[in-house]
Every structure is written in C-alpha cells, then in structure tokens.
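Notes for the one structure printed next.
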Amino acid sequence: MNPARTSVHGARTGIGRAHAKSILLGEHAVVYGTPAIAVPLHALDLTVRVTERADEQLHLRSALFTGSAADAPQRLHPLVTAIHAALALTTSAPIGLDVEIDSAIPFERGLGSSAAVAAGIARAIGDLTETPLDPEAVHDVVMAAETIAHGRSSGLDGRAVASDVPIRFRGGEVTPVPVGAPLTFVLADSGHEGSTAEAVGAVRELRETFPSRVDGIIGRLGGIVEESLDRFAAGDVPALGALMDEAHSLLTELEVSDATLDRLVAAARGAGAAGAKLTGGGRGGCVLALAPDAARAADLETMLRDAGATRTWQTTVETA
Ligand code: PMV
C-alpha cells in the first residue's frame with residue numbers, strides 16, 4: 001500500500017483540492033445558451049481529506065456540520081450526493097468514509113463553493129481508491145451535486161472551479177481565454193447570501209412576461225463576452241472595465257442586483273476601478289471590480305470595506 005495514502009492508523013486516505021471561481025461576464029445569459037467567462041480564484045481554495053472507515057458508515061466533518069451523513073442538514077445534501085457519485089465511479093465494493101472539508105471559500109456568495117466541494121470530493125475519493133478521475137468524470141460528479149444544489153444549471157460553475165486558467169464557456173463547451181497582461185481583480189462580499197436558484201427562476205419569470213426585452217438583454221450580455229475576448233488578448237484594462245460596467249447595468253435590468261450590490265459597484269468605480277459588476281447569481285453575493293493596476297488594488301479593497309463590504313479579496317489573472 002502506498003504510505004502516502006495511509007493514515008497514522010493504517011487506514012487508506014485520499015486528498016483532493018479545488019478553488020473558487022468568479023464569473024467575469026455572461027452570468028444568467030449563459031443559462032440561455034450565450035457564452036460566459038469565468039476566472040479561477042486561487043486565493044480561495046479548499047482541501048478534502050477522505051479516510052476509509054472500518055465500518056460502512058459515512059461521516060462528515062465540515063464548518064457547517066459534523067456527524068453522520070444520514071443526519072446532515074439539507075444544505076449538505078449536494079455534498080453527500082457527490083460522495084456517492086464519486087464512489088460509484090471508483091469502486092464496486094461498499095466502503096465507509098470519514099470526509100473532512102477544510103474550506104476558505106465562503107458559502108452562497110456566487111463563488112462556486114458547492115461545485116468546488118464536489119470537485120474536491122471527487123479528486124479525494126479518486127486519490128484514496130487509486131483510480132484518479134479524469135476531468136470529465138470529476139465534472140459528472142460536480143454536476144450530480146450541482147443539480148441538487150441549484151436545480152438545472154448551465155454547468156459553468158463546475159467547469160470554472162476545475163480550471164486553472166480563465167475559461168470561455170458556451171453550451172457545455174470550454175475554451176481557455178488568452179490574457180495579454182496580468183489583470184488584478186478585487187472581490188467584495190456584500191455580506192448577504194444569494195440564492196442562485198431563486199435568481200435564475202426570477203429571470204425565467206421576467207423572460208416569460210417580457211420575452212423580447214429580456215431576450216435583447218441576454219443577447220447583449222453574450223455580445224459583451226465575445227467583444228471582451230480581443231480585449232483580454234490585448235490586456236486592455238479600460239475596455240474590459242467598460243464592458244463590466246455595461247454588464248452590471250444589464251444585470252440590474254434583469255433584476256438580479258440589489259441596493260447593497262449597486263452601492264458597492266458605485267463605490268468601486270468612485271475608488272478608481274476600471275469597471276465593476278455583481279458576479280454570479282446576484283441578489284446578494286459578491287461584487288467583482290477590475291483594478292486599474294495591481295498597485296491600486298489594496299486601496300480599492302479598503303474603500304470597498306469602507307463602503308460596507310464585509311470581506312474583500314484580491315486575485316490576479318496572469319498572462320496566458
Ligand atoms: O451564483 P453562481 O456563482 O453559482 O453563478 C450562477 C451563474 C448563473 O449563470 C446565474 C447560473 C448558471 O447556471 O450558470
């Protein structure tokens with residue numbers, strides 16, 4: 001047996017990691033088949049450690065809950081689904097597991113926490129069973145969990161938390177986005193949980209009521225993504241910022257922003273951000289601001305906290 005996969009008690013162990021993500025452009029519209037762009041947030045990551053148990057029980061240890069999986073609260077059901085999905089792909093023999101999650105990714109903030117946990121679980125169980133899962137298998141596990149967490153989703157989160165580089169996502173297809181100059185972003189937490197499923201449902205209802213207006217907005221959000229690709233390649237910060245600003249206005253028209261997000265977006269622009277917008281499902285969650293350059297990001301963070309952000313983070317997307 002590989003000693004690296006053995007705990008001090010001689011039980012088999014496995015480790016899996018994943019990171020958060022932020023949607024830069026195209027959220028909500030992507031549900032209707034237009035493209036979106038997401039960036040990895042390497043600063044916010046998680047580690048899943050799984051250890052085989054002598055019995056066939058499933059035991060969880062996380063910030064939200066510690067105990068038998070059978071007693072887990074509903075918000076952990078996606079995680080339990082991911083464990084079963086990963087076990088089904090890796091072993092036909094029933095095994096018990098201790099599953100420990102050590103996560104720096106805040107929940108329900110549009111940062112892909114549920115998808116990242118599922119990806120970490122898939123990788124950890126693959127590691128323990130010595131049947132590493134390929135990216136498609138990891139994605140299948142994530143989608144099984146995401147369907148429970150968010151209802152039908154575009155699949156963007158699942159791809160974004162498993163990619164080390166920015167991606168363009170459309171209808172399940174993923175391509176890397178070339179970036180011509182480092183881009184530094186500041187994320188600001190509104191302090192309010194967002195419900196992606198609820199926000200997606202609200203957009204669906206708005207579209208049923210005002211189909212041509214909403215389809216026009218969706219089309220433009222997709223157009224912004226396509227326009228942004230050349231700007232990424234050129235490392236054109238002011239142009240990317242302007243596209244982010246326009247995307248935020250359109251998301252406001254889709255009624256997925258709220259007063260706190262709008263206030264933080266305005267504060268970011270007032271503090272010199274090249275552009276700012278809500279990121280992810282909205283109605284709570286986070287704001288993403290593009291710093292004019294890396295040196296100004298710390299000031300931007302301070303000003304966003306002064307404007308009421310409960311937490312802020314910086315991330316730089318390197319040239320690729
Ligand atoms: O709130 P998040 O980060 O999980 O992002 C949701 C993105 C949406 O486009 C609103 C929904 C989806 O399934 O793509």
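Residue numbers start at 1 and run along the sequence shown. Both counts, for ligands and for their atoms, begin at 1 and track the order of listing.
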Could you pull out every donor-acceptor pair under 3.5 Å between side chains of residues 297-309 and any protein atom, sequence neighbours left out?
unit_1	atom_1	unit_2	atom_2	d
Glu301	OE1	Thr312	OG1	2.7
Glu301	OE2	Gln314	NE2	3.0
Thr302	OG1	Ala298	O	3.1
Arg305	NH1	Thr312	OG1	2.6

Checklist entry - Less than 4.0 Å between a side-chain N and a carboxylate O, is that true for Arg207 and Glu255? => result no
Checklist entry - Which atom names give the shortest non-hydrogen contact between Arg75 and Glu108, and what distance separates them? => result NH2-CG, 3.4 Å
Checklist outcome for this item: Under 4.0 Å from ligand 1, residues with heavy atoms, in chain and number order, are Lys21, Ile23, Glu27, His28, Val30, Val31, Gly110, Ser153, Ser154, Asp157, Thr196, Val200, Gly280, Gly281
Next on the checklist: Closer than 4.0 angstrom, basic N to acidic O: yes or no for Asp157 and Lys21?
Outcome noted: yes
Item to check | With Asp45 via salt bridge (charged side-chain N to carboxylate O under 4.0 Å, His left out) - residues at least two apart | outcome: none
Checklist entry - With clusters built from Ile, Leu, Val, Met, Phe, Trp and Tyr whose side-chain heavy atoms come within less than 4.5 Å, directly or transitively, what are the remaining members of the cluster of Val142, listed by chain and number? => result Leu89, Leu133, Val138, Val141
